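Heads up: the structure comes next, in structure tokens.
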Amino acid sequence: MPEPKRRAKWPWFLGTFASLLVVASLVASFVQLPYYTISPGDALNVNSLVTVHGARQYPPKGALMLLFVEERSRINAWRWIQASLDSEIDLVKQKDFAGDADPAQVDAQAVFDMANSQNAAKYVALTRLGYRVSPEKKVTVLAVIGDEPAAGVLQPNDVILALNGKSITTPEALINGMKAVHPGARVSIVYQRGEARHTASIVTANQKGHAVIGVYLGQPLHFPVDVRIDTSDIGGPSAGLAMTLSILDELTPGNLTGGKRVAVTGEISPDGTVQQVGGVGQKAVAARHRGASLFIVPMAEVAEARTRAGSMRVVGVRTLADALKALRAAGGDPLPAVKTARTAA
């Protein structure tokens with residue numbers, strides 16, 4: 001009588017291994033790690049985002065491209081592995097990227113930075129062209145932190161008129177008024193949204209012993225020329241220099257880029273200096289993919305940009321004047337000189 005055949009053990013082993021892989025895959029998908037990833041985003045022609053009313057326009061040829069990166073917070077293990085294997089993606093520990101701020105604070109900070117960046121770009125460009133720009137006596141909400149008391153009540157562009165019955169005309173006045181409030185106490189905020197006036201009662205939160213409602217504030221400037229820049233869904237300060245150059249190009253004859261595709265990054269300060277921004281390696285990849293022939297970056301970040309720029313030329317600048325020189329050297333038209341103060345058309 002023949003002996004019964006023994007069953008092979010490998011099917012059982014493979015089944016167990018497959019089960020472990022499924023469990024590991026689920027864990028890797030749902031477990032979040034305290035890291036941010038910074039990867040190449042895209043390049044947008046700022047000239048197509050700028051709209052001007054109240055002055056003559058000179059539609060430029062070529063493209064001045066602002067660049068942005070894609071940031072993801074508290075990634076899962078699969079994303080961590082992908083970033084570790086991809087030379088174009090940087091992994092940054094959450095505490096190094098955001099400090100003690102949570103994702104809601106990081107998002108609000110990015111919105112605030114973009115609003116400030118637009119104002120600085122308009123100020124620098126218009127004053128460079130001889131226009132007079134003056135501050136307005138009012139306080140606007142630039143950003144609202146998503147998990148703080150003001151969320152769902154106040155919105156960006158709301159004008160704060162009064163705190164607990166006292167008129168507010170500067171951000172400092174509101175900040176000083178909040179210092180007299182105990183954390184957890186309720187405050188009365190009078191604000192204007194569009195043409196309508198509203199009153200809100202908000203219970204304050206405790207932030208390191210101080211009462212807060214969770215908003216970023218600004219004091220608007222009166223611009224003699226109405227310049228609007230559509231940067232929806234883009235945050236941060238790094239588009240400042242690109243927006244400044246685009247406004248100048250729109251309001252003056254000729255083409256600052258010489259008709260070429262030029263990528264630009266850098267934060268612009270009201271005095272015209274250019275501050276470093278971070279992520280220039282990923283931005284260089286985006287600029288290269290979009291066919292830029294020149295990449296203008298803050299001087300301190302030239303080396304990092306060149307590591308991923310390929311054959312694209314990279315020029316470092318410290319000021320707006322440096323950026324204009326770089327464009328001129330690349331074949332762009334010079335910016336007309338302005339000798340006297342100008343008024344809007």
Side-chain angles (χ1 to χ4, degrees), residues 35-51 62-75 79 82-83 86-92 97-98 101 103-122 142-143 156 216 228-247 249 257 261-269 274-298 300-302 304-310 312 314-317 323:
Y35 284 88
Y36 275 75
T37 57
I38 303 175
S39 56
D42 203 351
L44 299 176
N45 183 4
V46 194
N47 296 337
S48 66
L49 306 178
V50 175
T51 304
L64 277 162
M65 296 187 291
L66 68 79
L67 306 160
F68 59 92
V69 298
E70 292 184 359
E71 300 168 354
R72 297 188 189 180
S73 63
R74 295 195 62 81
I75 59 173
R79 179 65 176 172
Q82 177 192 7
D86 192 331
S87 62
E88 292 185 352
I89 302 176
D90 287 347
L91 271 170
V92 183
F97 183 91
Q105 290 173 309
V106 173
D107 290 344
Q109 181 71 51
V111 173
F112 170 74
D113 287 340
M114 173 53 78
N116 266 344
S117 185
Q118 282 205 23
N119 280 334
K122 295 173 188 178
L142 297 184
Y216 288 92
R228 300 183 185 183
I229 310 171
D230 181 10
T231 54
S232 54
D233 299 326
I234 304 174
S238 65
L241 178 58
M243 292 188 292
T244 304
L245 292 170
S246 181
I247 295 168
D249 214 3
T257 65
R261 298 173 68 83
V262 178
V264 182
T265 192
E267 179 180 357
I268 192 75
S269 297
V274 178
Q275 310 297 330
Q276 63 187 78
V277 290
V280 294
Q282 287 77 17
K283 291 173 184 176
V285 174
R288 183 161 43 84
H289 288 171
R290 284 294 186 177
S293 59
L294 172 65
F295 186 20
I296 296 176
V297 304
E301 296 174 297
V302 170
E304 182 183 350
R306 285 177 177 164
T307 61
R308 298 176 183 176
M312 180 178 60
V314 177
V315 175
V317 300

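Just so we're clear, the structure is a prediction, and the values are computed from it rather than from any experiment. Heavy-atom basis, side chains included; hydrogens, waters and symmetry copies ignored.
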- [ ] Could you pull out the closest heavy-atom pair between V277 and E301, with the gap in Å?
- [x] N-OE1, 3.0 Å
Open item on the list: Holding to side chain to side chain contact (heavy atoms under 4.5 Å, CB included), I want the full list of residues that pass it with V111, two or more places apart in sequence or in another chain.
Closed with: A143
Open item on the list: Quick check: closest heavy atoms across A309 and R288, and the distance to 0.1 Å?
Closed with: O-CD, 3.2 Å
Task: Residue pair V317 / L241, side-chain heavy-atom distance below 4.5 Å - done: yes
Open item on the list: Is the shortest side-chain heavy-atom distance between I234 and L44 below 4.5 Å?
Closed with: yes
Task: Shortest non-hydrogen separation from P298 to V274 and the atoms involved - done: CG-CG1, 4.1 Å
- [ ] Working to the nearest 0.5 Å, report the span between CG of N47 and CE of M243.
- [x] 13.0 Å
Task: Nearest-0.5 Å distance, CZ of residue R228 to CG of residue L49 - done: 14.5 Å
Task: Beyond-backbone contact of T51 with D230, side-chain heavy atoms, under 4.5 angstrom - done: no
Open item on the list: Could you work out, with side-chain hydrogen bond (donor to acceptor under 3.5 Å, both in side chains) as the rule, every residue matching E304, not counting sequence neighbours?
Closed with: none
Task: Results of side chain to side chain contact (heavy atoms under 4.5 Å, CB included) for S293 - residues two or more places apart only - done: K260
TODO: Measure the CG-OG distance between L66 and S246 for me, rounded to the nearest 0.5 Å.
DONE: 9.0 Å
Task: Exercise: identify the closest heavy-atom pair between A305 and A284 - done: O-CB, 3.6 Å
- [ ] Indicate the atoms forming the closest heavy-atom contact of L67 with A43, along with that distance.
- [x] CD2-CB, 3.4 Å
Open item on the list: Just verifying a value: how many Å separate T257 OG1 and N45 CG, rounded to the nearest 0.5 Å?
Closed with: 9.0 Å
Task: Partners meeting side-chain hydrogen bond (donor to acceptor under 3.5 Å, both in side chains) with T244 (sequence neighbours left out) - done: none
TODO: Determine which pairs satisfy side chain to side chain donor-acceptor pair (under 3.5 Å) with at least one residue from residues 278-287, sequence neighbours left out, and list them in order.
DONE: D90-Q282, S238-K283, T265-K283
Task: Minimum heavy-atom distance between L142 and A115, given as atom pair plus value - done: CD2-CB, 4.0 Å
Task: Distance, nearest 0.5 Å, that separates CD of Q105 from OH of Y216 - done: 6.0 Å
Task: side chain to side chain donor-acceptor pair (under 3.5 Å) partners of residues 111-121, not counting sequence neighbours, each pair once - done: Q109-D113, Q118-T231
Task: Side-chain heavy atoms of V264 within contact of V46, under 4.5 Å - done: no
